[in-house]
Protein chains: 2
Amino acid sequence: MADVKSGPNPLFLREEDLRQGIELLFYAYRDFTAEPDAMLARIGLGRAHHRVVYFVGRYPSITVTELLGILQITKQSLSRVLSDLVEQEYIAQRPGTKDRRQRLLTLTDKGVELERSLSDAQRARIAQAYRAAGASAVEGFRTVMLGIIDAEDRAKFPPPGKR
Amino acid sequence: MADVKSGPNPLFLREEDLRQGIELLFYAYRDFTAEPDAMLARIGLGRAHHRVVYFVGRYPSITVTELLGILQITKQSLSRVLSDLVEQEYIAQRPGTKDRRQRLLTLTDKGVELERSLSDAQRARIAQAYRAAGASAVEGFRTVMLGIIDAEDRAKFPPPGKR
DNA sequence: GGAAATAAGTCAACATGGCTGACGTAAAAT
DNA sequence: ATTTTACGTCAGCCATGTTGACTTATTTCC
């Protein structure tokens with residue numbers, strides 16, 4: 001590997017800590033997504049499908065607008081993957097009862113199974129990291145991650161007491 | 001928002017913790033990349049360019065092979081963004097002295113400035129999260145993130161003592 | 001010294017998943 | 001009755017990943 005310390009870029013401690021934070025996020029996300037991506041490729045789907053299946057599993061009967069708010073992509077982008085998933089019967093749509101313009105999304109049995117098999121690799125990775133790190137480290141992890149996430153979405157992560 | 005607790009998906013505690021871990025990573029990465037992405041879009045570059053500029057800044061005189069190992073993409077994919085960056089003089093190449101087949105990559109002054117302005121938003125986000133969380137939470141964060149990262153790359157993150 | 005391996009680059013073609021813009025329909029809200 | 005909202009769709013563009021095939025220069029190995 002090229003020498004970190006040499007060259008016109010002497011890193012100081014504080015700066016180094018922040019860089020390390022950036023890189024922890026880069027490497028963790030890279031490795032975290034690699035396994036499900038490989039599984040998805042085998043069945044002709046992509047990471048975008050995984051995200052949709054994941055959040056529909058997480059929030060059964062979620063609306064399209066809510067899903068768009070989470071994913072932060074355009075409805076045209078969502079449409080593409082969502083139609084795939086509906087056509088292939090991973091996801092079912094039904095009209096809302098209160099508001100009949102809505103299409104409430106739920107996983108089919110097939111969808112539940114797909115979601116489980118995809119996220120299992122990720123759950124295993126998290127579980128192993130949590131186990132190795134211990135409860136107080138996990139609490140620190142949670143706290144820092146919440147600080148990185150935009151304030152609007154922090155409410156999605158209720159404190160331990162509320163769970 | 002759709003009701004988490006209702007429906008055919010009763011979540012239990014342990015399962016819920018793991019899901020929360022998955023989502024912390026999703027939201028953190030989403031928000032972490034949003035600002036630099038917006039800046040990049042204004043100058044006609046993309047996230048891939050940021051990654052290259054970042055790691056060339058991190059490891060001055062890094063070789064193409066080393067960079068490929070970090071990014072875990074094909075050399076054809078890297079080639080595209082790297083040529084952009086060399087053409088636009090963000091990155092300079094020079095042959096290795098020990099091995100003249102290598103093209104050692106370094107940031108130009110212009111590249112240093114780009115890297116700084118892009119990563120500043122990210123550094124600020126990390127710094128704020130670290131400050132709010134406190135030192136022991138940061139240590140926990142580090143530990144859990146390292147557990148998520150594949151073992152091969154953990155050596156890139158020397159323990160505090162070695163820094 | 002000659003063969004094989006390695007570092008890097010290139011061309012071509014393709015897939016995925018973002019984006020914008022324009023437009024349509026049904027239902028709800030004002 | 002009008003406007004707004006939820007959702008969908010068509011068309012086209014761009015960024016960034018992929019595979020496969022092939023070249024050149026240099027180093028390493030026998």
Side-chain angles (χ1 to χ4, degrees), chain A residues 1-2 26 29-30 33-34 36-54 56 61-88 91-105, chain B residues 1-2 26 29-30 33-34 36-54 56 61-88 91-105:
Chain A
M1 176 61 72
F26 168 76
Y29 199 77
R30 184 197 69 175
T33 50
D37 280 359
M39 301 172 61
L40 286 154
R42 278 175 233 131
I43 57 172
L45 298 177
R47 191 182 294 185
H49 298 93
H50 184 191
R51 289 203 271 252
V52 170
V53 163
Y54 178 86
V56 171
S61 300
I62 191 172
T63 68
V64 170
T65 302
E66 288 167 343
L67 193 47
L68 287 174
I70 290 173
L71 300 176
Q72 294 191 187
I73 57 176
T74 61
K75 69 179 167 177
Q76 294 92 326
S77 296
L78 174 58
S79 164
R80 208 158 22 198
V81 292
L82 186 52
S83 352
D84 290 344
L85 293 168
V86 170
E87 267 162 35
Q88 295 174 41
I91 287 183
Q93 295 172 309
R94 64 169 204 289
T97 46
K98 270 184 53 180
D99 184 338
R100 293 182 350 254
R101 290 171 303 181
Q102 298 175 334
R103 304 283 209 282
L104 307 184
L105 307 175
Chain B
M1 177 60 74
F26 168 77
Y29 199 76
R30 185 197 66 176
T33 50
D37 281 359
M39 300 172 62
L40 286 155
R42 277 175 236 131
I43 56 170
L45 298 178
R47 191 183 296 185
H49 298 92
H50 185 190
R51 289 203 272 251
V52 170
V53 164
Y54 178 85
V56 171
S61 300
I62 191 174
T63 67
V64 170
T65 302
E66 288 166 343
L67 193 47
L68 287 174
I70 290 173
L71 300 176
Q72 294 194 183
I73 58 177
T74 59
K75 71 178 166 177
Q76 294 91 327
S77 297
L78 173 58
S79 163
R80 208 161 19 203
V81 292
L82 187 51
S83 350
D84 291 344
L85 293 168
V86 169
E87 266 161 37
Q88 295 174 41
I91 287 183
Q93 294 173 308
R94 65 169 204 287
T97 44
K98 268 186 54 179
D99 184 339
R100 291 179 356 251
R101 291 170 304 179
Q102 297 174 335
R103 304 285 207 282
L104 307 185
L105 307 175

In whole angstroms, how far is the [atom2] atom of [N] from the [atom1] atom of [X]?
X         : N       : atom1 : atom2 : value
Asp84(A)  : dG17(C) : CG    : P     : 9 Å
Ile91(B)  : dG9(C)  : CD1   : C1'   : 16 Å
Lys75(A)  : dT25(C) : NZ    : P     : 14 Å
Gln102(B) : dA8(C)  : CD    : C1'   : 10 Å
Asp37(B)  : dG18(C) : CG    : P     : 12 Å
Leu78(A)  : dG17(C) : CG    : P     : 12 Å
Arg100(A) : dA29(C) : CZ    : C1'   : 14 Å
Arg103(A) : dA27(C) : CZ    : C1'   : 11 Å

5' priority, DNA chain D, between Arg80(A) and Leu105(A) [closest heavy atom] = Leu105(A)
Quick one: on DNA chain D, does Gln72(B) or Arg101(A) contact a more 5' nucleotide (nearest heavy atom)?
-> Arg101(A)
Taking the side chain as C-beta and beyond, is there a heavy-atom pair between [X] and [Y] under 4.5 Å?
X         : Y        : result
Leu78(A)  : Val81(A) : yes
Leu104(A) : Ile62(A) : no
Leu105(A) : Val52(A) : no
Leu45(B)  : Gln88(B) : yes

Could you tell me the separation between the CG atom of Leu68(A) and the CD atom of Gln76(A), rounded to the nearest 0.5 Å?
-> 9.0 Å
CZ/Arg101(A) to OG1/Thr65(A) distance, rounded to the nearest 0.5 angstrom?
-> 9.0 Å
May I ask you to verify if any side-chain N or O of His49(A) is less than 4.0 angstrom from the OP1 or OP2 atom of dG17(C)?
-> yes
Do the side-chain N or O atoms of Gln93(B) get closer than 4.0 angstrom to the phosphate oxygens (OP1, OP2) of dG9(C)?
-> yes
Closest non-hydrogen atom pair between Arg100(A) and Thr97(A), with its separation = CG-O, 4.2 Å
Looking only at heavy atoms, the pair that brings Arg30(B) and Leu71(A) closest together is CD-O, 4.4 Å
Is Arg51(A) reaching over with its side chain to a backbone N or O of Phe26(B), donor-acceptor style, under 3.5 angstrom?
-> no
When Gly44(A) and Gln76(A) are each assigned the nearest nucleotide of DNA chain C, the 5'-most assignment goes to Gly44(A)
When Thr97(A) and Leu45(A) are each assigned the nearest nucleotide of DNA chain C, the 5'-most assignment goes to Leu45(A)
Mind checking which nucleotides bracket the chain A contacts on DNA chain D, 5' to 3', with an atom under 4.0 Å from a heavy atom?
-> dT5(D) to dC10(D)
So what is the end-to-end bend of the helix from dG1(C)-dC30(D) to dT30(C)-dA1(D), with 5 pairs used at each end and the value given to 10 degrees?
-> 30°
